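Just so it is clear: chains get the letters A, B, ... in the order the sequence lines come, proteins before strands, and each one is counted from 1. Keep in mind the model is a prediction, meaning the values are calculated, not measured.
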There are 2 protein chains.
Amino acid sequence: MASARRISGPCQAWPEDSAFIREVLDRIGDKWTVLTIGTLSAGAMRYSDLQASIPGISQRMLTQTLKHLERDGLITRTAYAEVPPRVEYALTDLGRSLRDAVVALAGWAAAHHGEIARNRAASELTGVGRGKAALRASAD
Amino acid sequence: MASARRISGPCQAWPEDSAFIREVLDRIGDKWTVLTIGTLSAGAMRYSDLQASIPGISQRMLTQTLKHLERDGLITRTAYAEVPPRVEYALTDLGRSLRDAVVALAGWAAAHHGEIARNRAASELTGVGRGKAALRASAD
DNA sequence: CGGGATCCTACGGGATACTG
DNA sequence: CAGTATCCCGTAGGATCCCG
């Protein structure tokens with residue numbers, strides 16, 4: 001098992017400038033951005049549909065997330081001058097490319113979350129990665 | 001440019017169960033985890049070396065990050081019974097696989113951060129994605 | 001319907017001091 | 001050296017009310 005270190009390529013080099021990583025993580029690391037992109041993945045949707053499709057999101061966060069995504073050119077916002085007003089949001093090509101990247105990351109998560117869960121459960125028994133207070137608590 | 005929509009595959013389907021995505025984002029979405037993994041990418045290091053190599057991290061956050069990574073089996077912690085004490089941290093195979101996944105994401109960021117920056121700058125002029133207060137402020 | 005403005009709270013996370 | 005414990009503050013983000 002130790003010989004199967006690398007699947008593709010000799011060694012994935014860590015980028016010298018890790019600023020790019022933080023840039024994308026600052027965007028998708030928050031609680032709602034990824035869910036919003038994923039929901040829009042199905043096609044253009046209006047504000048109220050998004051709020052209904054993303055369980056637990058507040059309009060404050062939905063509005064903010066949509067604005068950030070629009071600013072970065074990941075989604076488009078189209079307002080129709082009707083009554084009642086209608087606003088539709090849709091992924092741009094750039095947004096779709098980010099979605100694809102996130103899907104790839106989700107692939108890693110799906111492949112390894114079982115292993116991670118097992119490791120975490122094992123640590124729970126061993127006491128690894130916990131403070132002494134937690135150890136004392138579990139001893140009570 | 002609009003014809004180059006998809007690079008590989010017909011359409012990256014969004015995972016039905018997006019729980020995996022949140023799982024990995026909850027891990028790498030914070031401020032320090034990715035930097036820690038990237039630093040350990042060079043090889044095993046001790047606590048003080050990590051603190052020196054990750055500019056701006058506090059021992060509180062370094063300790064916490066290391067504990068979480070150890071719990072999930074992404075890094076190993078080896079304490080040598082010496083004086084002065086020495087503790088070394090190293091990526092596991094699982095940790096390396098996560099690093100590779102993050103490097104892939106960084107690839108996306110590197111490829112598109114220019115476009116994003118341009119979009120954001122354009123929005124700055126247009127007023128897209130900003131509140132009316134911000135528009136008024138820029139008008140002063 | 002699609003938000004904007006405001007209030008309030010929980011928590012991430014920095015600074016500092018202490019311990020084995 | 002390698003942490004732990006405590007204090008403290010800024011901000012993400014939920015709840016609520018209001019407006020075009």
Side-chain angles (χ1 to χ4, degrees), chain A residues 22 25-36 39-40 44-71 75-90 127-137, chain B residues 22 25-36 39-40 44-71 75-90 127-137:
Chain A
R22 284 249 42 91
L25 283 179
D26 283 343
R27 174 111 331 282
I28 68 173
D30 70 282
K31 204 173 176 183
W32 301 113
T33 300
V34 167
L35 286 175
T36 303
T39 303
L40 282 176
M45 295 179 73
R46 32 198 308 191
Y47 187 89
S48 45
D49 292 338
L50 281 168
Q51 190 163 18
S53 301
I54 306 176
I57 198 171
S58 59
Q59 8 76 313
R60 174 171 154 74
M61 281 303 106
L62 179 55
T63 301
Q64 184 180 114
T65 302
L66 290 171
K67 274 207 268 199
H68 288 158
L69 289 173
E70 188 194 4
R71 277 176 57 119
I75 66 173
T76 57
R77 189 194 115 114
T78 314
Y80 298 91
E82 305 171 354
V83 17
R86 179 165 57 101
V87 179
E88 283 201 338
Y89 295 91
V128 162
R130 284 189 302 166
K132 290 161 188 170
L135 280 177
R136 265 183 268 107
Chain B
R22 284 247 44 88
L25 283 179
D26 283 343
R27 173 110 335 280
I28 68 174
D30 70 283
K31 203 172 175 183
W32 301 113
T33 300
V34 167
L35 286 174
T36 304
T39 304
L40 282 177
M45 297 180 74
R46 33 200 305 193
Y47 187 89
S48 46
D49 293 337
L50 281 168
Q51 190 164 17
S53 301
I54 306 175
I57 198 172
S58 59
Q59 0 74 316
R60 173 170 151 74
M61 279 304 104
L62 179 56
T63 302
Q64 183 179 114
T65 302
L66 290 171
K67 274 207 269 199
H68 287 158
L69 288 173
E70 188 195 4
R71 276 176 57 118
I75 66 173
T76 57
R77 189 194 113 113
T78 315
Y80 298 91
E82 306 173 351
V83 21
R86 180 164 58 100
V87 179
E88 283 200 339
Y89 296 91
V128 162
R130 285 188 301 166
K132 290 162 188 169
L135 281 177
R136 266 185 268 108

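The nearest whole Å value for the distance from the CE atom in B:Met45 to the P atom in D:dC1 is 14 Å. Atom-to-atom, CG of B:Asp26 to C1' of D:dA12 comes out at 14 Å; the value is rounded to the nearest Å. The NZ atom of B:Lys31 sits 11 Å away from the C1' atom of D:dG10 (whole-angstrom rounding). Whole-Å rounding puts the B:Met61 CE to D:dA5 C1' distance at 13 Å. The CD atom of A:Gln64 sits 14 Å away from the P atom of C:dG3 (whole-angstrom rounding). Summarising the geometry, the separation between CD on B:Gln51 and C1' on D:dA2 is reported as 9 Å, rounded to the nearest angstrom. Taking atom CG of residue A:Leu50 and atom P of nucleotide C:dG3, one finds them 10 Å apart after rounding to whole Å. Atom CD1 of A:Ile75 and atom C1' of C:dG2 are 14 Å apart (whole Å).
At least one side-chain heavy atom of B:Gln51 sits less than 4.5 Å from a side-chain heavy atom of B:Gln59. Taking 4.5 Å as the limit, some side-chain heavy atom of A:Leu40 sits within range of a side-chain heavy atom of A:Met45.
Of the side-chain N and O atoms in A:Tyr47, none sit less than 4.0 angstrom from OP1 or OP2 of C:dG4. Phosphate contact (OP1/OP2 of D:dC1, side-chain N/O of B:Ser48, threshold under 4.0 Å): absent. For D:dT4, the OP1/OP2 oxygens have a side-chain nitrogen or oxygen of B:Lys67 closer than 4.0 Å. Contact annotation: B:Arg46 does not reach the phosphate of D:dC1 (side-chain N/O to OP1 or OP2, under 4.0 Å). Proximity of A:Arg60 to the phosphate of C:dC8: no side-chain N or O atom is located under 4.0 Å from OP1 or OP2.
If you check every strand for non-hydrogen atoms under 4.0 Å, B:Tyr80 touches nothing.
The shortest non-hydrogen separation linking A:Asp30 to A:Asp26 is OD1-O, 4.5 Å.
Of the residues near DNA chain C, B:Pro85 and A:Arg77, the one whose nearest nucleotide (by heavy atom distance) lies more toward the 5' end is A:Arg77.
Checking D:dT4, C:dG4, D:dG13 against the side-chain heavy atoms of A:Gln59 singles out C:dG4 as nearest. Looking at the side chain of B:Val87, the nearest of the listed nucleotides C:dG2, D:dA2, C:dG4 is D:dA2. When distances are taken from the side chain of B:Arg86 to each of D:dG13, D:dA2, D:dT4, the shortest belongs to D:dA2. Distances were taken from every side-chain heavy atom of B:Trp32 (C-beta onward) to each of D:dG14, C:dG20, C:dG14; the shortest belongs to C:dG14.
Considering B:Thr65, B:Leu62, B:Ile57 in turn, B:Leu62 is the only one that fulfils the side chain to side chain contact (heavy atoms under 4.5 Å, CB included) rule with B:Leu50.
Between the side chains of A:Tyr89 and A:Thr36, no donor-acceptor pair is found at a separation under 3.5 Å.
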